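Single-structure report; data block below.
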Number of protein chains: 2
Amino acid sequence: MTSLGEAEFALLDQSWHDAITPDAARRMLIAAAQAFADKGYHATTTRDIAARAGMSPAAVYIHYRSKEDLLFQISKIGHERSLKLLTAVQDPDPADRMAATVAAFASWHAEFRTTARVVQYELGALSPEHHAVVAELRRKIETHVRVIVEDGVKSGAFQVPDQNGAALAVLSLCIDVARWYRPDGKRTPREIGELYADLVLRMLRPLS
Amino acid sequence: MTSLGEAEFALLDQSWHDAITPDAARRMLIAAAQAFADKGYHATTTRDIAARAGMSPAAVYIHYRSKEDLLFQISKIGHERSLKLLTAVQDPDPADRMAATVAAFASWHAEFRTTARVVQYELGALSPEHHAVVAELRRKIETHVRVIVEDGVKSGAFQVPDQNGAALAVLSLCIDVARWYRPDGKRTPREIGELYADLVLRMLRPLS
DNA sequence: GTCTATAGCCCGATAGAC
DNA sequence: GTCTATCGGGCTATAGAC
């Protein structure tokens, strides 16, 4: 494993520390998240996951029911994390709230790109029952952003012809960071958050 | 097959008519594109593809070397199509050119969502040699958009703190349409193009 | 060009020892 | 809780008849 891989493991291990115990279960989940993010769920074998975690293929089934169960845990907790990120922003001014929300949401998709890619691109691999759980979390995320746009339009801070369309574009912009971001790229996650907060405020600001 | 599926087939058949002959090869390629877009490359079996095309599993190998070859044809021609879409816009005014470019690029990702999803989300499944061919086309697409931003900044039509960052955001916004667009959604591809052209011009316009 | 049949391989998941 | 060994099945691709 490269030192970049080790750094990423340490970051993810800290990030998942509260949610998953014991250690072996967490190691397996992080291995799965990295494999799913790299190659996609269907291209990943349970043997891949076990090898990344330094265990035998059968060890996957000690802590998880199936490969899909592993995906569900990553997706569910990942969605809960990103929703919590949004609800933590409490600024009463709509423009400030939008800027802080976009900065947090976009930079999360860069910093936790591994988790974010699983969250955003592997929905279709979930079982119908598990997909329904995650879809409910996604609705909450979408509503949260739409409300900020609506508040801004009410207060006069924003002026857009299509509020739902604008909210869709804001979410889309942040989510797509998980697709193009590379850890060795020019911009840090924080810089991406700042850049995007600025671009979104320009997009929503009233025409002068 | 549903009537929606038949309508989509007719659209794609027309779209691929010039590029792929004979008919059986084109039918197979369209079947593959629909399967890859629905479930992803790795989740799609050659049996799926053949069944969608109404042929036997072995028929895939009459016109294509492998499953990956089928993916490469879709990806390469899809990238060429979307690049051609951009170079067709020739307006001398940077703001008008950007608006027309974004409208065309975003609406293509909606109307040809099936092809676009393969183009944007299955790069990792290409062989290294095939990936290199497609990566060169992607660089041309990125450069094309970056030049419009630069021209607009030079002319004073645009004012942004980070030109590369702004070009990245514009491309990202259009590409992500392929992820969220649904044919039965509220907005037509044309309406999405118009919405996005407006939002992008707001984003790039000088602060007053 | 298209079919049926199948070779050869690898997958997800389980059994049972320790 | 982790291992080795393996089952049953589905996969990509090919062989050979028509």
Side-chain angles (χ1 to χ4, degrees), chain A residues 13 16-17 19-75 118 122 124-131, chain B residues 13 16-17 19-75 118 122 124-131:
Chain A
D13 192 56
W16 290 96
H17 188 82
I20 305 286
T21 53
D23 282 8
R26 186 169 60 256
R27 235 176 34 243
M28 199 66 82
L29 184 127
I30 292 170
Q34 289 179 324
F36 294 163
D38 276 2
K39 321 198 297 176
Y41 174 80
H42 289 290
T44 299
T45 66
T46 54
R47 285 164 173 82
D48 285 341
I49 296 167
R52 283 179 193 244
M55 299 180 85
S56 76
V60 170
Y61 299 91
I62 297 166
H63 300 288
Y64 301 94
R65 240 183 279 274
S66 65
K67 188 175 103 166
E68 193 272 344
D69 183 35
L70 218 23
L71 173 64
F72 176 56
Q73 299 304 327
I74 298 165
S75 186
V118 180
E122 302 297 347
L126 292 164
S127 73
E129 294 75 18
H130 288 163
H131 185 274
Chain B
D13 191 57
W16 290 96
H17 189 82
I20 306 285
T21 53
D23 282 7
R26 186 169 60 256
R27 233 173 38 239
M28 199 66 83
L29 185 128
I30 292 170
Q34 290 180 323
F36 294 163
D38 275 2
K39 321 198 297 176
Y41 174 80
H42 289 289
T44 299
T45 67
T46 53
R47 289 165 169 84
D48 286 341
I49 296 168
R52 283 180 194 244
M55 299 179 85
S56 77
V60 169
Y61 299 90
I62 297 168
H63 299 287
Y64 300 94
R65 242 185 277 276
S66 65
K67 187 174 107 168
E68 194 272 344
D69 183 35
L70 218 24
L71 173 65
F72 176 56
Q73 300 303 327
I74 298 165
S75 188
V118 180
E122 300 299 346
L126 291 165
S127 73
E129 295 76 18
H130 287 163
H131 185 272

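Letters A, B, ... mirror the listed sequences (proteins, then strands); counts begin at 1. The model shown is predicted, which means the values in this text are computed figures rather than measured ones.
Using a 4.5 Å heavy-atom threshold, the side chains of T44(A) and R52(A) count as separate.
At least one donor-acceptor pair closer than 3.5 Å links the side chain of K67(B) to the backbone N or O of Y41(B). R26(A) places a side-chain N or O within donor-acceptor distance of the main-chain N or O of I20(A), the cut-off being under 3.5 Å. Within the 3.5 Å criterion, the main-chain N or O of S127(A) finds a donor-acceptor partner in the side chain of E68(A).
Between the side chains of Q73(B) and D69(B), at least one donor-acceptor pair of N or O atoms lies under 3.5 Å.
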| remark: With B for base contact, S for sugar-phosphate-only contact and - for none (protein heavy atoms under 4.0 Å), nucleotides 3-15 of chain C reads BB------BBBBB
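Atom pair R27(A):CZ and dG1(D):P shows a separation of 13 Å (rounding to whole Å applied).
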